[in-house]
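Quick note: numbers below take in every heavy atom, side chains included, and nothing from hydrogens, waters or symmetry partners. All chains are named by letter (A, B, ...) in the order of the sequence lines, taking the proteins before the strands, and each is independently numbered beginning at 1.
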2 protein chains.
Amino acid sequence: MEIIKRHTDYALRALAYLALHANQVVTAGEIAESQEVPLEFLQKILQRFVKSGMVKSHRGAQGGFSLAQEPAEITVLNIVEVMQGPVVMNRCLLGKNGCPRAPKCPLKKSWIDMEEKIAAYMSGITLQDLVDELRAIK
Amino acid sequence: MEIIKRHTDYALRALAYLALHANQVVTAGEIAESQEVPLEFLQKILQRFVKSGMVKSHRGAQGGFSLAQEPAEITVLNIVEVMQGPVVMNRCLLGKNGCPRAPKCPLKKSWIDMEEKIAAYMSGITLQDLVDELRAIK
DNA sequence: CTCAATCTGGATTAAACTTGTCCTGAATAG
DNA sequence: CTATTCAGGACAAGTTTAATCCAGATTGAG
């Protein structure tokens, strides 16, 4: 039961790299090489963050990507949700109407409680925290 | 990002039904009908719990299934792990050697911490709790 | 202005996973 | 014996994951 998919892992690595080089424009190729991520797959991932407004792209020669927000303002939850959507324990809890069994579901409250705890945990970690951790490890 | 797969949901419903009818032998057909689960799929699921020792099967006419343990001794985590394996945030954290990037992973500690919290939460809910909840709802 | 570097976006794809279905066989109560 | 019920392997459609490929748009530098 792996909760974080590979593309989300790649996204976290890529955005941590951008945070480590804040205020610089970095090419997808550089990120791909340093983070050992397939370049063309990474480009698709970065496009999602450009659309979400978390990353700025700079086209043309000498172009690349840079963070559009401060590292301390981007949380792990933000990144996970761009890639995998909202944290949901059970698909019953997705959508407006939910499942017809909800009234007799003995776990519904627990699932919602867990979702909130997981989301809270992930929103407590920012890219700045990851940068600090990376610098401490080095 | 749905964490609980459908077969795990079915398993939870089925075992809760068995707990509700503790010390009785119940057929897969009866569970399937009451819980709105495809019968043949449910049978596969129940077989897994027989192998894991949580459920006893009774073959032949008038046969069926019954819990092999007390409802208060079977946790949601037990059930989830039978269906989906151990709770792991990132596949990097699976296996003995893990991934080669682990030493420079700024999230490893947080992932492990989250895994433990999720597992702890799920092991705090037993089938008896679900039975109590079901009786309260009714 | 041209060209190389670089991002954009759509199409395609292989493998794995999910969610089942089908069928034969084995056990057993009555 | 035989109807009922579980056991287990094979099969399969649909979706997701994890890429790859390619034609096109943009832009900095020479």
Is the phosphate of [N], meaning OP1 or OP2, less than 4.0 Å from a side-chain N or O of [X]?
X: B:S57; N: D:dA7; answer: yes
X: B:R91; N: D:dA18; answer: yes
X: B:Y10; N: C:dT19; answer: no

Identify, between A:K5 and B:L46, the residue whose nearest nucleotide on DNA chain D lies closer to the 5' end.
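It is B:L46 whose nearest nucleotide is closer to the 5' end.
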
Which nucleotide in the set [options] lies at the smallest distance from any side-chain heavy atom of [X]?
X: A:F41; options: C:dT21, D:dA7, D:dA18; result: D:dA18
X: B:K44; options: C:dC7, C:dT21, D:dT17; result: C:dT21
X: A:E40; options: D:dT20, D:dA19, D:dC6; result: D:dT20
X: B:Q47; options: D:dC6, C:dT19, D:dG8; result: D:dG8

Picking from A:L130, A:I31, A:V37, what satisfies side chain to side chain contact (heavy atoms under 4.5 Å, CB included) with A:Y17?
A:I31

Applying the side chain to side chain contact (heavy atoms under 4.5 Å, CB included) test to A:S66, which of A:Q24, A:H21, A:K56 qualifies?
A:K56

What is the distance, to the nearest angstrom, from the CD1 atom on A:I45 to the P atom on D:dT17?
12 Å

Taking CD from B:E2 and P from C:dC17, how many angstroms apart are they, rounded to a whole number?
17 Å

Can you check whether B:R6's main-chain N or O pairs, donor with acceptor, with A:R91's side chain at less than 3.5 Å?
no

Ignoring hydrogens and geometry, is there a side-chain-to-backbone donor-acceptor pair from B:Q84 to B:I3 under 3.5 Å?
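Answer holds: yes.
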
Please identify each residue that fulfils salt bridge (Lys or Arg N to Asp or Glu O under 4.0 Å) with B:E115, with sequence neighbours left out.
none

Base, sugar-phosphate or nothing for A:G64? Non-hydrogen atoms, less than 4.0 Å.
sugar-phosphate

Tabulated below should be each protein N or O lying under 3.5 Å from an N or O of nucleotides 26-30 of chain C; please produce it.
| unit_1 | atom_1 | unit_2 | atom_2 | d |
| --- | --- | --- | --- | --- |
| C:dA26 | N3 | B:R59 | NH2 | 3.4 |
| C:dT28 | O2 | B:A61 | N | 3.3 |
| C:dA29 | O4' | B:A61 | O | 3.3 |

Could you work out, with side-chain contact (heavy atoms from CB on, under 4.5 Å) as the rule, every residue matching B:D132, not counting sequence neighbours?
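In terms of side-chain contact (heavy atoms from CB on, under 4.5 Å), with neighbours along the sequence ignored, B:D132 is linked to B:Q128.
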
